[in-house]
Amino acid sequence: MSEKLTITRRSALSLLGAGAATFAMPTIIRPRPAWAANGVINVTTYDKFLPKEFVEKFQRDTGIEVRIRLTDDQGKQYNLLTAEGANPSTDIVTVAGHRYSQFISSKLIQPLDTAKIANWKNLNTAYQDAPWARVDDKLWGLPILAGYEGLARNVDYVKDAPSWQIMFDPEYKGLTSYIVSDFMTIAMQMLGHDGDFVTYLDKADIAQKATNEARDLLIKHKDMVRKYYDAGSEVQQMFINEDIYLAHSWSGPAAKLIMEGHPIELSVPKEGTFGFCYTLNVVNNAPNAENAYKLLNAILESPEVGAAMTRQSGYSSTITGVADLLNDREKLASTLPQEQLDRIIFFSSVNRDMKNQMIDRATAEVKAA
């Protein structure tokens with residue numbers, strides 16, 4: 001940014017009265033960057049994550065202007081912060097928990113000081129001190145919205161399903177579907193292994209054996225599957241056409257079907273599942289860090305904010321009391337009983353390279369079998 005030369009009223013008077021031979025030195029005022037202002041906070045987040053009504057109320061209550069920069073990719077946020085270095089133009093970014101290590105190792109975000117968030121107690125206990133959110137014995141962000149993998153079933157045709165084993169029940173042969181790579185980790189979990197590979201750091205042989213066991217299970221029951229799918233729209237259409245009655249599904253596509261009135265229910269079976277959580281993170285060297293904490297505290301002030309986030313984004317809120325504000329259909333689409341919520345293992349950033357390599361290879365082998 002170019003430096004602006006400003007002559008103050010006092011220096012101008014000095015110039016006028018100094019005579020031809022004497023000139024007063026003008027006062028140079030270095031302007032603060034536009035993003036470093038007392039009444040401003042700069043947030044980089046996804047579309048529909050921060051409800052308009054909440055932002056407007058926060059601005060009225062605090063006098064702080066909220067400037068939102070929309071993003072659609074974690075990598076774009078990372079690249080921008082890296083390029084800006086010690087002079088970031090944003091105060092808060094929105095990072096998924098399993099991407100923490102990348103941002104933390106590059107010193108792009110700062111540890112969260114929960115003592116500055118009086119309403120932290122209003123966060124659901126499943127998120128207040130979750131293992132995935134703690135790195136180097138510090139918390140790094142405020143969890144706001146969560147997505148997870150669940151067992152979706154057409155309740156008109158499928159009995160209660162407390163276990164993932166129902167995906168291999170001969171009664172539903174040719175009526176199931178899943179994303180191979182994602183369901184592979186679920187199968188590992190069902191078999192008693194670590195589908196997120198956190199405990200397999202420096203244990204490649206054990207990890208490979210566990211992966212192979214899950215791969216062989218899926219190959220053995222390959223005739224159960226109507227179709228492997230990749231996009232959420234595919235599993236939605238198969239349910240609508242009644243081509244399938246059961247599926248491994250991410251919460252977003254299933255929630256949309258439920259909200260549209262289709263007889264779908266999403267649950268987390270007893271063996272557990274995996275999920276991810278979007279968090280709001282204070283940027284390292286944030287120009288308006290104190291304002292950032294005021295915004296984080298305001299988000300947790302009332303479950304109405306969490307309910308609005310859920311309705312807009314389609315993800316599940318992390319704030320206690322949100323379910324009480326949703327209608328019955330919204331509850332089916334966006335909430336879980338606490339015992340099922342507690343079964344979700346949120347993806348860790350640990351050992352992801354090993355996981356990706358082994359799962360990708362096993363996925364190709366299942367498809368080729």
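Nothing here was measured: the structure is a model prediction, and the numbers come from that model.
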Item to complete: Sequence neighbours left out, what pairs pass ring pair (Phe, Tyr, Trp, His ring centres under 6.0 Å) with at least one residue falling in residues 272-295?
Response: Y46-Y278, F49-Y278, W250-F276, F274-F347, F276-Y278, F276-Y315, Y278-Y315
Discussion item. With a sphere of 6.0 Å drawn around NZ of K331, does it hold more than 12 non-hydrogen atoms of other residues, nucleotides or ligands?
Written reply: yes
For residues 202-211, dump all side-chain donor-acceptor pairs below 3.5 Å to protein atoms at least two apart in sequence or in another chain.
from	atom 1	to	atom 2	distance (Å)
Q208	OE1	R361	NH2	2.8
Q208	NE2	N212	OD1	2.9
T211	OG1	A207	O	2.8

Donor-acceptor pairs under 3.5 angstrom involving side-chain atoms of residues 254-266: please list them, not counting sequence neighbours.
from	atom 1	to	atom 2	distance (Å)
K256	NZ	E260	OE2	2.5
E265	OE2	R153	NH2	2.9

Response to the item:
Hits for side chain to side chain donor-acceptor pair (under 3.5 Å) against N297, two or more places apart or cross-chain, chain-then-number order -> N119
Fill in: ring pair (Phe, Tyr, Trp, His ring centres under 6.0 Å) against Y245, all qualifying residues, sequence neighbours excluded
Y157
Item to complete: List in chain and number order the residues that pass side chain to side chain donor-acceptor pair (under 3.5 Å) with R352, two or more places apart in sequence or in another chain; answer none if no residue qualifies.
Response: none
Item to complete: Supply the atom-to-atom distance N288 CG to R67 CZ, rounded to the nearest 0.5 angstrom.
Response: 8.5 Å
Discussion item. Using the ring pair (Phe, Tyr, Trp, His ring centres under 6.0 Å) criterion, which residues pair with F346? Sequence neighbours excluded.
Written reply: Y127, W132
Worksheet item: For K116, what residues pass the side chain to side chain donor-acceptor pair (under 3.5 Å) criterion, not counting sequence neighbours?
Response: E290
Item to complete: Identify, with sequence neighbours excluded, every residue that meets ring pair (Phe, Tyr, Trp, His ring centres under 6.0 Å) alongside W164.
Response: F183
Discussion item. Could you check whether K227 pairs with E234 (Lys NZ or Arg NE/NH1/NH2 to Asp/Glu carboxylate O, under 4.0 Å)?
Written reply: yes
Worksheet item: What do you reckon, is NZ of K220 surrounded by more than 12 foreign heavy atoms closer than 6.0 Å?
Response: no
Practice prompt. Just jot down the side chain to side chain donor-acceptor pair (under 3.5 Å) partners of D61, sequence neighbours excluded, or say none.
Written response: K57
Worksheet entry | Qualifying ring pair (Phe, Tyr, Trp, His ring centres under 6.0 Å) pairs with a residue from residues 61-92, counting only residues at least two apart or across chains | Y78-F103
With a cut-off of 3.5 Å and sequence neighbours excluded, list every side-chain donor-acceptor pair involving residues 189-196.
from	atom 1	to	atom 2	distance (Å)
Q189	OE1	G195	N	2.9
H193	NE2	E213	OE1	2.8
D194	OD1	D196	N	3.0
D194	OD1	F197	N	3.2
D194	OD2	V198	N	2.9
D194	OD2	T199	N	2.8
D194	OD2	T199	OG1	2.8
D196	OD1	K355	NZ	2.9
D196	OD2	S348	N	2.8

